[in-house]
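Have a look at the structure below, then the notes.
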There are 2 protein chains.
Amino acid sequence: MARAVSETHGEILAAAARRFAVTGYRGTSLQDIAREVGCSKATVLYHFANKEALLAELMAPAIGVLRDLDDQLTGKTGAAAQEVAAQGFVDLAVRFRREIAVLRGEFPELLCQPAFAHIQQISDRLRDALAGHSDRPGARIAALVLLAGISEACAEFADIPDDELRAALLALVRRAVEPVDAP
Amino acid sequence: MARAVSETHGEILAAAARRFAVTGYRGTSLQDIAREVGCSKATVLYHFANKEALLAELMAPAIGVLRDLDDQLTGKTGAAAQEVAAQGFVDLAVRFRREIAVLRGEFPELLCQPAFAHIQQISDRLRDALAGHSDRPGARIAALVLLAGISEACAEFADIPDDELRAALLALVRRAVEPVDAP
DNA sequence: TCAGGATCTGACCGATCGGTCAGGCATGCT
DNA sequence: AGCATGCCTGACCGATCGGTCAGATCCTGA
């Protein structure tokens with residue numbers, strides 16, 4: 001019955017990704033995941049310290065890319081910041097569609113967990129950049145709606161090829177973002 | 001200790017609206033609501049048959065307006081449908097900011113409950129209308145992102161006056177929607 | 001005055017949650 | 001052969017969930 005380490009570990013991770021994306025983090029029990037893998041709940045907790053650690057390992061790649069994008073944003077202002085933020089976030093959203101779907105509406109509470117302490121600040125900076133660092137309400141509203149909308153919606157486009165979805169989202173963002181004042 | 005019917009009933013409804021908007025439907029227990037009102041959990045269940053009935057009564061006004069919007073949409077096509085959908089949904093989102101926040105990410109599961117059986121079809125038609133009934137992927141993607149983004153984001157603008165928020169969102173939607181082909 | 005309905009509550013229920021623990025069972029090293 | 005180690009499991013734990021119920025308390029009208 002005993003399989004190689006990496007095998008079961010990876011299967012649990014994959015099953016969790018599938019379930020979380022459909023029923024959310026809180027809406028998925030360890031029992032659900034174990035059932036999908038075909039093992040016991042105790043086995044899930046043998047491979048992962050707790051439910052939160054499972055989520056953290058699942059989100060790690062996406063968070064790494066988000067961090068990289070945050071680094072690219074430092075120093076950029078105005079239209080340049082908007083363009084980098086738009087391209088970077090759209091690409092991230094398309095590549096990590098399923099991981100982002102996990103956050104469905106549970107973003108605020110999930111961010112309270114220590115493993116995701118910095119994400120809130122990063123997404124705030126991303127929103128600021130997409131607004132061209134403008135403090136006009138219209139610009140800030142547009143940036144927030146776009147980021148939230150793409151996060152929320154991209155999971156529903158599982159059947160659309162990556163590059164087609166990326167092009168459509170990028171075109172949308174460029175149309176929708178409030179242009180910064182000409183210097 | 002016993003208060004008039006409408007008083008406690010209304011207080012429970014208001015407390016539920018506040019708590020649901022912050023921690024979501026599933027994330028809020030009947031105990032939480034009772035604590036906020038200052039009564040027992042049994043009292044909450046005396047005034048409402050169950051948790052779902054409490055949610056249904058809370059959402060009823062917003063659902064009524066959504067139904068009205070759906071009626072206005074019948075027969076409209078192209079740019080006319082887009083404009084009615086944009087104005088109608090932005091207005092609804094602004095007026096019912098808190099009610100919509102309740103749905104935070106729990107939309108899919110909440111729709112399974114019998115009280116919200118028709119909402120899925122209505123929101124599908126709304127998305128179609130906002131896309132100008134076009135079947136181009138770009139138009140459908142833009143419509144979905146805008147609807148999801150506004151739903152998700154409008155709860156965070158509690159400090160912005162209704163008319164200012166409405167104007168900003170409407171301008172955003174008009175910029176962002178993919179224009180329908182000229183005839 | 002008193003019966004009866006409306007309002008409210010503490011105690012309780014079964015189900016499910018995340019998590020713990022002792023032990024079973026292979027495998028591989030000495 | 002004997003032992004250690006990694007993998008896995010059933011049984012169990014306390015907490016919390018939505019919901020039920022019998023009864024206490026209050027208000028009102030006859």
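Order of the sequence lines fixes the chain letters, A, B, ..., with proteins taken first and strands second; residue numbering starts at 1 for each chain.
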Item to complete: Quick one: do B/Asp91 and B/Arg166 satisfy salt bridge (charged side-chain N to carboxylate O under 4.0 Å, His left out)? Show the steps, please.
Response: CA-CA 6 Å; B/Asp91 186 63; B/Arg166 192 182 295 112; 2.9 Å; yes

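Rounded to whole Å, atom C1' of D/dG18 lies 13 Å from atom CG of B/Asp32. If you take CZ of A/Phe48 and P of D/dC8, they are 12 Å apart, rounded to a whole angstrom. As a whole-Å value, the separation of B/Arg35 CZ from C/dG10 P is 13 Å. Following rounding to the nearest Å, A/Asn50 (CG) and C/dT20 (P) show an atom-to-atom distance of 8 Å. Computed from coordinates, the B/Tyr46 OH to D/dT25 C1' distance equals 13 Å when rounded to whole Å. Residue B/Leu55 contributes atom CG, which lies 12 Å from atom P of D/dG18 at whole-angstrom precision. To the nearest angstrom, C1' of C/dT20 lies 17 Å from NZ of A/Lys51. If you take CD1 of B/Ile33 and P of D/dG19, they are 11 Å apart, rounded to a whole angstrom.
Counted by atom type alone, A/Glu57 and A/His9 present one or more donor-acceptor pairs between their side chains at under 3.5 Å.
Comment: A/Arg125 engages A/Asp70 in a salt bridge, judged by a side-chain N to carboxylate O separation of less than 4.0 angstrom. Ion pairing between B/Arg174 and B/Glu83 holds under the 4.0 Å rule for side-chain N and carboxylate O. Between A/Arg127 and A/Asp124 there is a salt bridge, since at least one side-chain N of the basic residue sits less than 4.0 Å from a carboxylate O of the acidic one. Of the charged side-chain nitrogens involved, none lies within less than 4.0 Å of a carboxylate oxygen, so that A/Arg67 and A/Asp71 do not count as a salt-bridged pair.
The stretch residues 19-31 of chain A does not touch DNA chain D, since none of its heavy atoms comes less than 4.0 Å from the strand.
Applying the 6.0 Å contact sphere to CZ of A/Arg140 captures no more than 12 heavy atoms from other residues, nucleotides or ligands.
Residues B/Leu146 and B/Leu130 share a closest heavy-atom pair of CB-CD2, 4.3 Å.
With sequence neighbours left out, the ring pair (Phe, Tyr, Trp, His ring centres under 6.0 Å) criterion links B/Tyr25 to B/Phe20.
You'll find that the side chain of A/Thr43 is closest to D/dC8, out of C/dG19, D/dC8, C/dT9. Out of D/dC8, C/dG19, C/dG10, the shortest distance to the side chain of A/His47 is found at D/dC8.
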Output a table of nitrogen or oxygen pairs between the protein and nucleotides 12-14 of chain C separated by less than 3.5 Å.
none

